[in-house]
Colleague: 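Below is a structure I'd like to ask you about.
Model, not experiment: these values are computed from the prediction.
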Amino acid sequence: MKTIFQSSIFILFSVLVSLNANALIGEVRLTYGSTSGEPKDFNNAFYGFQDGPKISGQSYMGVDAIAMLPMLPVGVGLRVENTSFSKTEFNEQIDFSIARTALLLNYRLINTGFYLGPIVSFGLSHNMDFKIPLDPDIYKAGKQSSNTIGLEAGVKLGLFRLGLEVGQMSFVFSDLKDISGVIPNKNGLNISELNFGGTYYKLQLGLGF
């Protein structure tokens, strides 16, 4: 996970550096926050029967690289973020990690020493590693999708940027199969998808050019 995160920083920074110097107006920033995602199918089948822990939220760490278009308050970039989770309850342990790379678009309604405006992301690639070691079941998804819509606001302190983003996230892994290749079932309930969507917030800390 650490290697992936470090590689993401290098790749995203390279996106800005590779642009024509005259158009190099943008931001590179670290993000950290959480979402209220609760995968209903899993919680009903496990936690609802006191047969496993409840998943009730995730903490995400990530990197954004955004190029602002010259003469326009519009930004285009990439977002890479990931989360990991481990919990034991009712003698069952679950471990999972999730990563996504997304296209990022923002529009600055205000873009002076203070910035404010909508921001959206559209998932380009996703990865999930979900397992229950004590069973042991490993879940793999045939389909994945994600997007976010939110509002960001912050201040510009010279080259530094300090901001906050809040919004709604959709993040679904569907067509789920267990280690044997069938839809996972627990206590008579199918777990056909893992939906980690919900409200979210992110703290932003970075540099502007």
Colleague: Near Lys177 NZ, under 6.0 Å, is it more than 12 heavy atoms from other residues, nucleotides or ligands?
Modeller: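 Yes, enclosed.
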Colleague: Hey, does Arg100 have a side-chain heavy atom less than 4.5 Å from the side chain of Ser125?
Modeller: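 No, side chains not in contact.
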Colleague: Of the non-hydrogen atoms in Ser121 and Thr148, which two are nearest, and what is the gap between them?
Modeller: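 Nearest heavy atoms, Ser121 then Thr148: OG-OG1, 2.6 Å.
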Colleague: Applying a strict under-4.5 Å side-chain criterion to I, L, V, M, F, W and Y, I'd like to know whether Val166 and Met169 cluster together.
Modeller: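 Each belongs to a different hydrophobic cluster.
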Colleague: If you count every heavy atom of other residues, nucleotides or ligands that lies below 6.0 Å from Phe160 atom CZ, does the total exceed 12?
Modeller: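 No, CZ of Phe160 has 12 or fewer neighbouring heavy atoms, counting only those of other groups under 6.0 Å.
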Colleague: Among side-chain atoms of Arg79 and Thr31, is any donor-acceptor pair under 3.5 angstrom?
Modeller: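 Distance-only check fails for Arg79 and Thr31.
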Colleague: Could you tell me the separation between the OG1 atom of Thr88 and the CG atom of Asp95, rounded to the nearest 0.5 Å?
Modeller: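 Going from the OG1 atom of Thr88 to the CG atom of Asp95 covers 7.5 Å.
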Colleague: Which residues pass the ring-ring contact (aromatic ring centres under 6.0 Å, His included) test with Phe90, not counting sequence neighbours?
Modeller: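 Scan of Phe90 (ring-ring contact (aromatic ring centres under 6.0 Å, His included), adjacent residues dropped) gives none.
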Colleague: Check Gly75 against Ile66 and note the closest heavy-atom contact, atom names and distance.
Modeller: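 What the structure gives for the nearest pair is CA-CG2, 3.8 Å.
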Colleague: Side-chain heavy atoms under 4.5 angstrom apart, residues restricted to Ile, Leu, Val, Met, Phe, Trp, Tyr: same cluster for Ile132 and Phe85?
Modeller: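 Yes, it is one cluster - the side chains of Ile132 and Phe85 are joined through contacts under 4.5 Å.
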Colleague: Is Leu151 reachable from Tyr107 through a run of hydrophobic residues whose side-chain heavy atoms are each under 4.5 Å from the next?
Modeller: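 Shared cluster, no.
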Colleague: Considering all heavy atoms of both residues, which atom of Asn43 and which atom of Pro53 are nearest to each other, and what is their separation?
Modeller: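 Looking at all heavy atoms of both residues, the closest pair is OD1-O, 4.2 Å.
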Colleague: Between Tyr139 and Phe42, how do the two ring planes meet: parallel, tilted or perpendicular, split at 30° and 60°?
Modeller: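 Judged by the thresholds at 30° and 60°, the geometry between Tyr139 and Phe42 is perpendicular.
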Colleague: Taking the six-membered ring for Trp and the full ring for Phe, Tyr or His, determine whether the centres of Tyr60 and Phe196 are under 6.0 Å apart.
Modeller: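 No, too far apart.
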Colleague: Does a donor on one side chain and an acceptor on the other come within less than 3.5 Å for Ser59 and Ser34?
Modeller: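 No.
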Colleague: Are Tyr115 and Glu152 close enough that some pair of their side-chain heavy atoms sits under 4.5 Å apart?
Modeller: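 Yes. Closest side-chain heavy atoms under 4.5 Å.
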Colleague: Tell me, please, which residues at least two apart from Lys143 pass side-chain contact (heavy atoms from CB on, under 4.5 Å).
Modeller: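 Ser174, Asp175.
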Colleague: How long is the gap from OG on Ser56 to OH on Tyr47, to the nearest 0.5 Å?
Modeller: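 If I round to the nearest 0.5 Å, the distance is 8.5 Å.
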Colleague: Is there a chain of hydrophobic side chains (I, L, V, M, F, W, Y, each step under 4.5 Å between heavy atoms) that links Leu207 to Leu157?
Modeller: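 Result: yes, single cluster for both.
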Colleague: Look at Arg108 together with Glu27 and state whether they make a salt bridge at an N to O cut-off of under 4.0 Å.
Modeller: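 Glu27 and Arg108: salt-bridged.
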Colleague: Would Phe122 and Leu105 satisfy side chain to side chain contact (heavy atoms under 4.5 Å, CB included), going step by step from the backbone distance to the final call?
Modeller: CA-CA 9 Å; Phe122 304 91; Leu105 302 172; 3.9 Å; yes
Colleague: So, do Gln204 and Glu165 sit near enough that their side-chain heavy atoms are less than 4.5 Å apart?
Modeller: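 When only atoms from C-beta onward are counted, Glu165 and Gln204 do touch, with a gap below 4.5 Å.
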Colleague: What closest approach, in Å, do Pro184 and Leu176 show between heavy atoms, and which atom pair accounts for it?
Modeller: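 What the structure gives for the nearest pair is CD-O, 3.6 Å.
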Colleague: Quick one: do Lys186 and Asp51 make a salt bridge, cutoff under 4.0 Å?
Modeller: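 Salt bridge present between Lys186 and Asp51.
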Colleague: So do Val74 and Asn106 actually touch side chain to side chain, heavy atoms under 4.5 Å?
Modeller: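 Counting from C-beta outward, Asn106 and Val74 never come under 4.5 Å.
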Colleague: Same hydrophobic cluster for Tyr200 and Phe171, using side-chain heavy-atom links shorter than 4.5 Å among ILVMFWY?
Modeller: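 Yes, same cluster.
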Colleague: Measure the CG-NZ distance between Asp178 and Lys140 for me, rounded to the nearest 0.5 Å.
Modeller: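 If I round to the nearest 0.5 Å, the distance is 12.5 Å.
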Colleague: Mind listing the closest non-hydrogen atom pair of Leu194 and Met128 along with its distance?
Modeller: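 Looking at all heavy atoms of both residues, the shortest contact is CD1-SD, 3.7 Å.
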Colleague: To the nearest 0.5 Å, what is the distance between CD1 (Ile55) and CZ (Phe46)?
Modeller: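 Ile55 atom CD1 to Phe46 atom CZ measures 9.0 Å (nearest 0.5 Å).
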Colleague: Heavy-atom distance under 4.5 Å between the side chains of Arg29 and Arg161, does that happen here?
Modeller: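 The answer is no; the side chains never approach within 4.5 Å.
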Colleague: Let me confirm one number: the CD-NZ distance from Glu38 to Lys40, rounded to the nearest 0.5 Å.
Modeller: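 Answer rounded to 0.5 Å: 11.0 Å.
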Colleague: Going by atom types alone, do Ser97 and Asp129 pair a side-chain donor with an acceptor below 3.5 Å?
Modeller: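 Absent: no donor and acceptor within the cut-off.
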Colleague: For the atom pair CG (Leu104) and CG (Leu78), what is the distance rounded to the nearest 0.5 Å?
Modeller: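 Spacing of CG (Leu104) from CG (Leu78) equals 8.0 Å.
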Colleague: I want to check something: taking the side chain as every heavy atom from C-beta on, are Phe209 and Val28 in contact at a cut-off of under 4.5 Å?
Modeller: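 Yes, at least one pair of side-chain atoms sits under 4.5 Å.
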Colleague: Is the backbone of Leu124 close enough, under 3.5 Å, to the side chain of Thr101 for a donor and an acceptor to pair up by distance?
Modeller: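 No: the side chain of Thr101 does not pair with the backbone of Leu124.
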Colleague: In this structure, are over 12 heavy atoms from other groups packed under 6.0 Å from Ile149 atom CD1?
Modeller: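 It does not: Ile149 CD1 has 12 such atoms or fewer within range.
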Colleague: Determine whether more than 12 heavy atoms belonging to other residues, nucleotides or ligands lie under 6.0 Å from atom CG of Leu159.
Modeller: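 Counting neighbours around CG of Leu159, 12 or fewer heavy atoms of other residues, nucleotides or ligands fall under 6.0 Å, so no.
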Colleague: Looking at every non-hydrogen atom in both residues, tell me the closest pair between Glu89 and Lys54 and how far apart they are.
Modeller: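 That closest heavy-atom pairing would be OE1-N, 3.7 Å.
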Colleague: Between Asp41 and Ser192, is there a side-chain donor-acceptor contact under 3.5 Å, judged purely by atom types and distance?
Modeller: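 The criterion, which ignores hydrogens and geometry beyond distance, is satisfied for Asp41 and Ser192.
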Colleague: Quick check: does any side chain N or O of Asn187 sit under 3.5 Å from a backbone N or O of Ala45, one acting as donor and the other as acceptor?
Modeller: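 A pair under 3.5 Å: yes.
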Colleague: Parallel, tilted or perpendicular, judged at 30° and 60°: which one describes the rings of His126 and Phe173?
Modeller: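 Ring orientation, 0 to 90° scale: perpendicular.
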